[in-house]
Trainee: 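Dropping a structure here in structure tokens format, bear with me for questions.
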Amino acid sequence: MMFKHPIFILCFSLGMISPVFADVQLDNREADLIEINTPLKSILVLQSLKNLSTQKNDQTPFVQELKNSDQVRTLFVSTQNLPIVDIQLTFNAGSGQDETIGKGLFGLSNMAAKLLTEGTDQLTAKQIASSFESLGAQFSANAYRDMFTVRLRVLSDPDKLEPAVNLMLDILNNATFNNSGLNLALSNTKVGQKQVQENPSRLMNIRFYRAIYGQHPYAEPSVGTQASVKKITPELLVQFKNKLLVAQNMNIAVTGNLNLDQATQLSNQISHSLNQGETATVLPEPIDQTDFNLHFIPFNSTQAHITMGQLGITRNDPDRVALEIANQMFGGSGFNSILMRELRVKRGYTYGAYSSLATTQARGLFSLSYSTQQEQLMDSIQVAHQALIHFVSQPIAKKQLEETREGMLRAFPMTFSSNASINAQIAAVGFYGLPSDYLNQYQKQLNALTPLQIQQAIQKHLRADRLTLVVVANTLDQAALLNMLKSNLEPIPQSQTTIKITRHPLNESKSSVEPEATTPAPLQDIVSP
């Protein structure tokens, strides 16, 4: 006799039991013969599972350095899985080069990137957009502190690839940056002005870069200021394009469904067809601070925002990998980081505290930031500062290093998990003058570093006695803050293994405020969106 009956499967997960129902037709005699412990024979034929433990999931892409007839560095990765080609042209034309065109023209590169597709001498913005759309291509331009990037993604079919590349080159050579597009961009900056003034994190970030870099080109925001963008004209944008968006100031990255000959031909076509010129000037080195540098921005809020940091290293510094591990241990790994444990887990001062290591052509930044309640401002700064002092002075724990390194190695394959991410990686390798096998060497360096080597890199580059601090808060006693920071630098007893804080009474004296920060920052000093 055949009949239906329910089978109950109990699923155990996190201490909870959930019934799963399945209606199965079984013969009584067949049901009686079922052995619960019978192995699933089908697993034996799943060859991918049998070999899973021996597969290399972290194998880096094979990067080839192409021979370009114009001596333009070109890196290429061939991927045959998808009929797509990703191209990135990376120019040494970020905001760090804005003032090579004229004094105070901050935001020039960013404006050029925004308006690049607004029209040429033959095509309107609408015609450019519809042309890319008809080819199924994606085109974009962006400006950062170091670089100006042009990206094109298109099918590898020559009927799509060739016209898309020709259109990209036409835009780069003949963009006119018309007045209507520029006026719209300027109008948008006025709309964004109020948003910046109401955003304490952005105000803090702007002041932090200015305090760290002073007169260096990195000091001003990549998007410019309200005053600087008003100086920008179509003529200046064309001058920027003709001087900096040229073949000799560029690196090429290509990833996709092409062979070596096709990629080489594409590279030569791009470098031949672009306007010719010269490489950009080398950026100057920023000047180190010699003492604490405190900045206070009054802001009417119950929350205080804090960032502190110093000049870091360049992108091709030999200690870069060691400092990346160090940063991950100190404040880059969420709840496992020292900074998060001290400020949130142990004391509940903040929802999140993080450190970052930015590496650029000129020296970048090492910084940490968080927000907290006004009443906990001084205590939290003391804890964060002492945590950094301990981190610099104490030996690196082997177990923490191994856990951090394992996490970084497991996450590393995600940096080249798609054609677009691969192309972005090799574009950066080419731009910063790193060896073509850098992605492979990175893993080897990561694996080889010892606790002593990391500690030596930390003590060489991180200085807890030369920090720049920017605080956005309702009130701040800067004299008390400076005294506290200096007292933190007194030698730590060998027996003291934990961070101890001295409670700081708040608002007992009038806040000491920089003269320029007693009123909201003037309109021209605020970054545009």
Side-chain angles (χ1 to χ4, degrees), residues 73 75 88-100 106-110 112-113 141-151 202 204-224 244 249-251 253 279-289 307-328 330-332 354-369 415 424-435 438-439 442 445 457-458 460-463 466-468 470 527:
R73 190 180 188 192
L75 298 181
Q88 178 168 320
L89 312 182
T90 309
F91 299 90
N92 186 3
S95 64
Q97 298 290 343
D98 283 346
E99 288 195 296
T100 61
F106 312 118
L108 187 63
S109 59
N110 180 73
N142 292 282
Y144 308 94
R145 275 191 165 82
D146 272 350
M147 59 181 71
F148 186 108
T149 64
V150 173
R151 297 184 179 96
R202 291 188 67 183
M204 177 178 69
N205 202 40
I206 294 166
R207 178 65 66 85
F208 184 63
Y209 267 85
R210 288 173 175 168
I212 288 278
Y213 284 109
Q215 299 302 310
H216 191 271
Y218 287 169
E220 294 301 324
S222 296
V223 293
L244 294 171
N249 197 38
M250 169 185 70
N251 289 274
T279 58
T281 56
V282 177
L283 293 176
E285 279 302 309
I287 301 173
D288 255 322
Q289 302 284 348
T307 188
M308 62 181 80
Q310 60 169 91
L311 285 175
I313 58 173
T314 61
R315 184 66 170 246
N316 53 11
D317 191 288
D319 289 327
R320 181 184 170 217
V321 179
L323 287 182
E324 284 186 351
I325 296 179
N327 173 69
Q328 196 73 1
F330 182 69
Y354 307 95
S355 67
S356 64
L357 180 71
T359 54
T360 41
Q361 281 183 309
R363 291 175 64 187
L365 291 177
F366 171 77
S367 62
L368 64 94
S369 59
T415 62
Q425 289 290 333
I426 65 173
V429 167
F431 180 78
Y432 287 109
L434 302 171
Y438 174 78
L439 295 176
Y442 180 86
Q445 291 180 53
I458 292 170
K460 177 181 177 182
H461 296 285
L462 302 188
R463 296 291 300 267
R466 295 182 180 179
L467 294 174
T468 293
V470 177
V527 62

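Remember, it's a predicted structure, so these values are computed and weren't measured experimentally. Position 1 is the first residue of the sequence; numbering continues from there.
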Trainee: Decide yes or no on side-chain hydrogen bond (donor to acceptor under 3.5 Å, both in side chains) for Ser222 and Asn110, but give the supporting numbers first.
Mentor: CA-CA 7 Å; Ser222 296; Asn110 180 73; over 6 Å; no

Trainee: Looking at every heavy atom in both Val429 and Pro435, which two are closest together, and how far apart are they?
Mentor: CG1-O, 3.3 Å

Trainee: Should the pair Arg315 and Phe431 be classed as cation-pi, given the thresholds of under 6.0 Å to the six-membered ring centre and 45° from the axis?
Mentor: no

Trainee: What heavy-atom pair brings Ala322 and Ala457 nearest, and what distance separates the two atoms?
Mentor: CB-CB, 3.8 Å

Trainee: Output all residues satisfying salt bridge (Lys or Arg N to Asp or Glu O under 4.0 Å) with Asp288, sequence neighbours left out; order by chain, then residue number.
Mentor: Arg363

Trainee: Between Gly309 and Ile212, what is the shortest heavy-atom contact and its length?
Mentor: O-CD1, 3.9 Å

Trainee: Start with the C-alpha gap between Asn251 and Gln88, add the side-chain angles, then the distance that decides, and say whether side chain to side chain contact (heavy atoms under 4.5 Å, CB included) holds.
Mentor: CA-CA 8 Å; Asn251 289 274; Gln88 178 168 320; over 6 Å; no

Trainee: Under 3.5 Å, is there a donor on one side chain and an acceptor on the other for Thr149 and Thr90?
Mentor: no

Trainee: What residues form a side-chain contact (heavy atoms from CB on, under 4.5 Å) with Arg466, not counting sequence neighbours?
Mentor: Arg463

Trainee: Under the side-chain hydrogen bond (donor to acceptor under 3.5 Å, both in side chains) rule, what do Gln425 and Tyr442 come out as? Steps first, then yes or no, please.
Mentor: CA-CA 12 Å; Gln425 289 290 333; Tyr442 180 86; over 6 Å; no

Trainee: Taking C-beta and beyond as the side chain, do Pro284 and Pro217 meet within less than 4.5 Å on heavy atoms?
Mentor: yes

Trainee: First locate atom CD1 of Ile206, then atom CD of Glu220, and finally report the distance between them rounded to the nearest 0.5 Å.
Mentor: 9.0 Å

Trainee: For the backbone of Ala362 and the side chain of Tyr218, can you confirm whether one donor and one acceptor N or O come within less than 3.5 Å of each other?
Mentor: yes

Trainee: Measure the NE2-CG distance between His461 and Leu323 for me, rounded to the nearest 0.5 Å.
Mentor: 5.5 Å

Trainee: Rounded to the nearest 0.5 Å, what separates atom CG in Asn249 from atom OG1 in Thr281?
Mentor: 9.0 Å

Trainee: Step by step, work out the side chain to side chain contact (heavy atoms under 4.5 Å, CB included) result for Gln328 and Leu357.
Mentor: CA-CA 9 Å; Gln328 196 73 1; Leu357 180 71; over 6 Å; no

Trainee: Ignoring hydrogens and angles, tell me if any N or O in the side chain of Gln289 forms a donor-acceptor pair with the backbone of Ala211 under 3.5 Å.
Mentor: yes

Trainee: Nearest 0.5 Å please: distance from the CG atom of Leu311 over to the NE2 atom of His216.
Mentor: 8.5 Å

Trainee: Is there a donor-acceptor contact under 3.5 Å from the side chain of Asp146 to the main chain of Gln361?
Mentor: yes

Trainee: Over 60° means perpendicular and under 30° means parallel, so tell me whether Phe330 and Phe366 are parallel, tilted or perpendicular.
Mentor: tilted

Trainee: Within this structure, what is the CZ-CZ distance for the pair Arg202 and Arg207, rounded to the nearest 0.5 Å?
Mentor: 15.5 Å

Trainee: Compute whether any side-chain donor of one residue and acceptor of the other, for Ser355 and Asn327, lie under 3.5 angstrom apart.
Mentor: yes

Trainee: Walk me through it: do Phe208 and Val470 pass the test side chain to side chain contact (heavy atoms under 4.5 Å, CB included)?
Mentor: CA-CA 6 Å; Phe208 184 63; Val470 177; 4.0 Å; yes

Trainee: Looking only at atom types and distance, does a side-chain atom of Thr307 sit under 3.5 Å from a main-chain N or O of Leu368, one as donor and one as acceptor?
Mentor: yes

Trainee: Evaluate Phe148 against Leu244 for side chain to side chain contact (heavy atoms under 4.5 Å, CB included), listing each step before the verdict.
Mentor: CA-CA 9 Å; Phe148 186 108; Leu244 294 171; over 6 Å; no

Trainee: Applying ring pair (Phe, Tyr, Trp, His ring centres under 6.0 Å), name anything that partners Tyr144, two or more places apart in sequence or on another chain.
Mentor: none

Trainee: Would you compute the distance between atom CG of Asn92 and atom CD of Gln97 and round it to the nearest 0.5 angstrom?
Mentor: 5.0 Å

